[in-house]
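First the structure, in the form of structure tokens, and then the observations on it.
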Amino acid sequence: MKITIIGVGAIGGYVFAKLSEAGEHDIQCVTSPTSALLKQQSIQLSSDNQSLTYPIKQIASDYAQIDGDIIFITTKTTQNSTVFPRLSSLKNKTFIVIQNGIGNEQHLAKYLHQSNTIIGATTNIKVTKKHTDNKVTLHNPLCQFNYALFQQGAVTAELGALFNQIFTSVTHTEDIYQARFPKLLVNLSCNLASILYDACMQTLSTSKEPRHLIEQIGKEVIQVAQAYQVDIAPSRIDLLLNKLAEPGFKGVYFSMKEDFDAGRPLETETVFDNFITLADQAAIATPVTRSALNQLYIKLEERQLSKV
Ligand SMILES: NC(=O)c1ccc[n+]([C@@H]2O[C@H](COP(=O)([O-])OP(=O)(O)OC[C@H]3O[C@@H](n4cnc5c(N)ncnc54)[C@H](OP(=O)(O)O)[C@@H]3O)[C@@H](O)[C@H]2O)c1
């Protein structure tokens with residue numbers, strides 16, 4: 001089976017490197033038209049003291065050339081409105097959406113033919129890649145991957161073995177909410193607190209105000225998740241905060257905070273707005289999240305005005 005990877009950044013580059021390492025797959029990479037990879041045609045994956053380079057044999061920026069049976073979508077969700085409509089002519093494929101946020105699969109399904117299968121996935125991996133080069137750095141070697149079926153199409157691909165070639169620990173969850181809410185708990189609370197308090201991962205845990213905000217937002221996410229039959233133990237928030245207190249997280253930032261500081265677009269729609277919509281639909285009050293979000297949107301507006 002041929003594999004296509006759309007969005008060969010940090011996650012997509014990592015997926016490409018691991019599947020190349022497995023040596024069993026015909027892999028096509030799909031990039032933006034301005035991608036540095038169109039010239040470099042390789043991915044270098046670095047982890048601990050090892051660094052290996054994997055040549056890209058097939059690369060395209062024209063979506064009409066997509067011909068994989070299994071298609072990973074690993075672009076930022078800020079690109080979804082551009083990328084998803086361009087996939088509408090494809091049939092009998094299996095799409096695997098590895099992105100943060102919630103509601104991504106529902107959005108994709110609006111554009112795809114019903115013969116396609118859609119799988120949604122989250123991971124706690126931390127990988128980085130600069131847009132201008134081909135170097136991917138893996139920061140946590142033990143990475144978990146949770147996936148769920150969102151839409152069953154005509155073809156059933158065997159995916160468990162494939163995912164095990166990429167991630168250390170793979171879990172198939174019952175539905176998409178089971179896969180997405182636990183990661184949303186981290187993304188939503190930590191990204192908001194990190195931007196509002198200009199805090200690194202460790203400070204989020206060790207400083208009183210961001211820690212309190214994470215605890216409060218975390219509780220609201222757990223309540224909304226419950227309304228969608230996802231049980232997240234409240235102790236998960238403490239576990240998260242204890243983890244962030246570790247020395248390795250000093251001076252390390254969540255990627256949305258890095259995007260905010262660099263003036264890049266943020267994944268606000270999928271990480272924040274879609275959560276609020278789900279909360280409203282379930283009639284769950286989320287006053288702390290809403291208030292923090294309002295502060296974030298004011299900051300984004302100020303940033304926009306300062307550019308003019
Ligand atoms: N990085 C992590 O550790 C991590 C962990 C968990 C979840 N996530 C989530 O995974 C998703 C991907 O994140 P990421 O960190 O991998 O982002 P990223 O490094 O920005 O990679 C996305 C890549 O997409 C490519 N791209 C942009 N527009 C495109 C288009 N129209 N068609 C094809 N490719 C396009 C860009 O590369 P070119 O310009 O070279 O094409 C870019 O490098 C996000 O939702 C993120 O929140 C990331």
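Here the structure is a predicted model, which is why all the values come from computation and not from measurement. Sequential numbering from 1 along the given sequence is applied to the chain's residues.
Residues Thr117 and Gln152 come closest through the heavy atom pair OG1-NE2, 3.8 Å. For the residue pair Gly12 and Thr74, the shortest heavy atom distance occurs at CA-OG1, 3.3 Å. Residues Asn92 and Ser115 come closest through the heavy atom pair N-OG, 2.9 Å. When all heavy atoms of Ile43 and Lys129 are compared, the closest pair comes out as CD1-CE, 4.3 Å. Scanning both residues, Gly120 and Glu105, for their nearest heavy atoms gives CA-OE2, 3.1 Å.
No side-chain donor-acceptor contact under 3.5 Å links Lys183 to the backbone of Asn100. Side-chain atoms of Thr123 do not come within 3.5 Å of backbone N or O of Phe145 as any donor-acceptor pair. For Thr4 (side chain) and Ile71 (main-chain N/O), no donor-acceptor pair under 3.5 Å exists by modelled atom type. Between the side chain of Ser88 and the backbone N or O of Pro85, at least one donor-acceptor pair lies under 3.5 Å. In this structure, Gln165 contributes its side chain and Gly23 its backbone to no donor-acceptor pair below 3.5 Å. Not a single donor-acceptor pair under 3.5 Å links the side chain of Lys219 to the backbone N or O of Gln223. No side-chain donor-acceptor contact under 3.5 Å links Arg236 to the backbone of Gly218. Checking side-chain atoms of Ser35 against main-chain N and O of Ser32 turns up no donor-acceptor pair under 3.5 Å. Distance alone, capped at 3.5 Å, places no donor-acceptor pair between the Glu267 side chain and the Lys76 backbone. Of the possible polar contacts, none joining the Gln44 side chain to the Ser51 backbone as a donor-acceptor pair under 3.5 Å is found.
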- request: Output, in order, the C-alpha distance, side-chain angles, deciding distance and verdict of side chain to side chain contact (heavy atoms under 4.5 Å, CB included) for Leu19 and Leu162.
  value: CA-CA 8 Å; Leu19 292 179; Leu162 182 74; 3.7 Å; yes
- request: List the steps and the verdict of ring-ring contact (aromatic ring centres under 6.0 Å, His included) for Phe163 and Phe167.
  value: CA-CA 6 Å; Phe163 295 151; Phe167 298 95; 7.4 Å; no
- request: Start with the C-alpha distance between Val252 and Cys200, add both sets of side-chain angles, then the distance that settles side chain to side chain contact (heavy atoms under 4.5 Å, CB included), and finish with yes or no.
  value: CA-CA 6 Å; Val252 180; Cys200 74; 5.9 Å; no
task: Could you go through the side-chain hydrogen bond (donor to acceptor under 3.5 Å, both in side chains) check for Asn80 and Gln99 one step at a time?
output: CA-CA 10 Å; Asn80 287 356; Gln99 292 181 322; 2.9 Å; yes
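With salt bridges taken as basic N to acidic carboxylate O contacts below 4.0 Å, one links Glu215 and Arg211. Electrostatic pairing of Asp198 and Lys299 does not count as a salt bridge here, judged by no charged N lying under 4.0 Å from a carboxylate O.
Within the model, atoms CD of Glu220 and OG of Ser189 stand 11.0 Å from one another, a figure rounded to the nearest 0.5 Å. Between the NZ atom of Lys257 and the CG atom of Leu196 there is a distance of 9.5 Å, given to the nearest 0.5 Å. To the nearest 0.5 Å, atom CD1 of residue Ile166 and atom CD1 of residue Ile96 are 7.5 Å apart. The CD1 atom of Ile102 lies 13.0 Å from the CG atom of Asp273; values are rounded to the nearest 0.5 Å. Within the model, atoms CG of Asn187 and CZ of Phe272 stand 8.0 Å from one another, a figure rounded to the nearest 0.5 Å. The line from CZ of Phe95 to CG of Asn116 is 5.0 Å long, rounded to the nearest 0.5 Å.
Using modelled atom types, one finds no donor on one side chain facing an acceptor on the other under 3.5 Å when comparing Thr270 with Asn104.
Checking each of Gln28, Lys2, Gln41 against Gln58 for a side chain to side chain donor-acceptor pair (under 3.5 Å) leaves exactly one that passes, namely Lys2. Just one residue in the list Ile222, Val224, Thr173, Asp231 forms a side-chain contact (heavy atoms from CB on, under 4.5 Å) with Phe181, and that residue is Val224.
In this structure, Lys126 has no salt bridge (charged side-chain N to carboxylate O under 4.0 Å, His left out) partners at least two apart in sequence or on a different chain.
When the shell of 6.0 Å around CD of Glu246 is examined, it contains more than 12 heavy atoms from other residues, nucleotides or ligands.
Ring geometry for His172 against Tyr147 counts as parallel: the plane angle stays under 30°, on a 0 to 90° scale with 60° as the upper cut.
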